[in-house]
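Numbering of ligands and ligand atoms starts at 1, following listing order.
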Amino acid sequence: MKIVRADVIVTCPGRNFVTLKIVTDEGVYGIGDATLNGRELAVASYLRDHVCPMLIGRDPGRIEDTWQLLYRGAYWRRGPVTMTAIAAVDMALWDILGKVAGLPLYRLLGGASRDAVMVYGHATGRDLGEALERYAEHIEAGYQAIRVQCGIPNMRSVYGVAKSGGSYEPATKGAVEEQRWSTEKYLDFVPTLFAAVREKFGFDTHLLHDVHHRLTPIEAARLGKAVEPYRLFWLEDPTPAENQAGFRLIREHTVTPIAVGEVFNSIWDCKQLIEEQLIDYIRATLTHAGGITHLKRVAEFASLYQVRTGCHGASDLSPVCMGAALHFDLWAPNFGVQEYMGFPEPALEVFPHAWRFERGTMHPGEAPGHGVDIDEALAACYPYESAYLPVARLEDGTLWNW
Ligand code: CS2
Ligand code: MG
């Protein structure tokens, strides 16, 4: 079997997605997610102009060798664009392997380690009342794990909360939105948010929260310590993680579990965090961290240190990533939780999928490969729309971490 075509499909059914489709001479094809929110065309070009020509004529079954060729062979290693492109190729090749074998991806990885995958949903409110209403809706829908994000009093906008009150899409079409941020206002308010959730709903659900890189290590330590009575499942991205050693400062002060890694693109971004057990969950995802081949290495390394997976699964990763992630999650012996925000209806139509949701858990289904397809004719009806992630500034105008 040989690769005869590798096409990059950019579509915008509700939001931009980049998909790689690899076709073999026997007609079997596989698809991979190559979506990098706000930098989609960079990955599309990296694939179209540099990677796809290298794939033609290759044996699709040589998944590891192709991964090594694209990683070492690029000379310029790592980075979100490179690793997202490699991930898309890798996901598509595993999809082909599953179709050729007639097996769902999770069986190729080693079979199911659990009956289903616990997912967490997003309860977001522009104010405390709305956040509690959304939380109640998620309990009603059967979620066992719920992330809560809320508007902060006297701050016009904040990460994770849609201005319209609907589902949250951070990228703004056509322009870079500038948001103002006050750590002081945030730290004063957010413990009261968790207190209100626990007061109203008790401790039967896992409570998660995303700080989204906004604090310094000592501020993160202060927050982690302040919220210990509310027993969070995890505090996510408390501080930027380029300096992995900085997390020692957080660990010294609090037992609140820490989740980090959705912006990571290789094992090197989290090696120290894992081996020093500075985190409890690794959030790296299939699409941005080199695909199944690389994330499997990360998960197995993490399992040596009792660090569990908690893959990023925002709606700006495509349904292809979601489908493949559910297979990965079903297999991973040190699985923790999977993020699931749902998708705009047009996206679910462009990407038919085998997964199913049931009362706070999901299952990838038994279709061969990862079980997600792309309707190319429908995808063509949704042309790319330029969109950018926001930037954050402190109230004095200093550029900060969004
Ligand atoms: C967030 C994401 O889901 C999360 O945990 O951090 O929504 C993140 O902001 C987006 O994926 C960025 O595109
Ligand atoms: Mg996050």
**Student:** Counting backbone and side-chain atoms alike, does Glu262 have an N/O/S atom under 2.8 Å from the Mg ion (ligand 2)?
**Tutor:** yes

**Student:** Compute the ring centroids of His370 and Trp94, then answer whether they are less than 6.0 Å apart.
**Tutor:** no

**Student:** If you have a sec, work out which protein heavy atom is nearest atom 9 (O) of ligand 1 and how many Å separate them, to one decimal?
**Tutor:** His212 NE2, 2.8 Å

**Student:** Side chain or backbone of Asp237 under 4.0 Å from ligand 1, or both, or neither, by non-hydrogen atoms?
**Tutor:** neither

**Student:** To which of Arg15, His312, Arg283, Met341 does the heavy atom nearest atom 5 (O) of ligand 1 belong?
**Tutor:** Arg283

**Student:** Could you find the nearest protein heavy atom to atom 7 (O) of ligand 1 and give me its residue, atom name and distance?
**Tutor:** Tyr159 OH, 3.1 Å

**Student:** Quick one: does Tyr46's side chain get under 4.5 Å of Thr84's, heavy atoms only?
**Tutor:** no

**Student:** Under the 3.5 angstrom rule, does the side chain of Arg5 hit a backbone N or O of Tyr29 as a donor-acceptor pair?
**Tutor:** no

**Student:** Are the aromatic ring centres of Trp402 and His213 under 6.0 angstrom apart?
**Tutor:** no

**Student:** Out of Tyr135, Trp234, Phe233, which one pairs with Tyr120 under the ring pair (Phe, Tyr, Trp, His ring centres under 6.0 Å) rule?
**Tutor:** Trp234

**Student:** For His288, which part has a heavy atom under 4.0 Å from ligand 1: side chain, backbone, both, or neither?
**Tutor:** neither

**Student:** Students should be able to answer this: which protein heavy-atom is nearest to atom 6 (O) of ligand 1, and at what distance?
**Tutor:** Glu262 OE2, 2.6 Å

**Student:** Is any N, O or S atom of Asp237 under 2.8 Å away from the Mg ion (ligand 2)?
**Tutor:** no

**Student:** Determine yes or no for a side-chain-to-main-chain donor-acceptor pair under 3.5 angstrom, with Asp33 supplying the side chain and Ser318 the backbone.
**Tutor:** yes

**Student:** For ligand 1, which atoms sit closer than 4.0 Å to a heavy atom of Trp402?
**Tutor:** 9 (O)

**Student:** Out of the N/O/S atoms in Glu236, what is the name of the one closest to the Mg ion (ligand 2)?
**Tutor:** OE2

**Student:** Does an N or O from Tyr168, backbone or side chain, lie closer than 3.5 Å to an N or O of ligand 1?
**Tutor:** no

**Student:** Out of Asp316, Leu389, Val263, who gets a non-hydrogen atom closest to atom 10 (C) of ligand 1?
**Tutor:** Asp316

**Student:** Checking Glu366 against Tyr106: is there a side-chain donor and acceptor pair closer than 3.5 Å?
**Tutor:** yes

**Student:** Counting from 1, what ligand 1 atoms have a heavy atom of Asp210 closer than 4.0 Å?
**Tutor:** 1 (C), 4 (C), 5 (O), 6 (O)

**Student:** What protein heavy atom is closest to atom 13 (O) of ligand 1, reported as residue, atom name and distance in Å?
**Tutor:** Asn37 ND2, 2.9 Å

**Student:** What is the closest protein heavy atom to atom 3 (O) of ligand 1, and at what distance does it sit?
**Tutor:** Glu339 OE2, 2.5 Å

**Student:** Salt bridge check: are Glu137 and Arg134 linked by an N-O gap of less than 4.0 Å?
**Tutor:** yes

**Student:** Going by ring pair (Phe, Tyr, Trp, His ring centres under 6.0 Å), Tyr159 matches just one of Trp181, Tyr168, Trp400. Which one?
**Tutor:** Tyr168

**Student:** What do you reckon, are the aromatic ring centroids of Phe351 and Phe17 less than 6.0 Å apart?
**Tutor:** yes

**Student:** Report the name of the N/O/S atom of Asp210 located nearest to the Mg ion (ligand 2).
**Tutor:** OD2

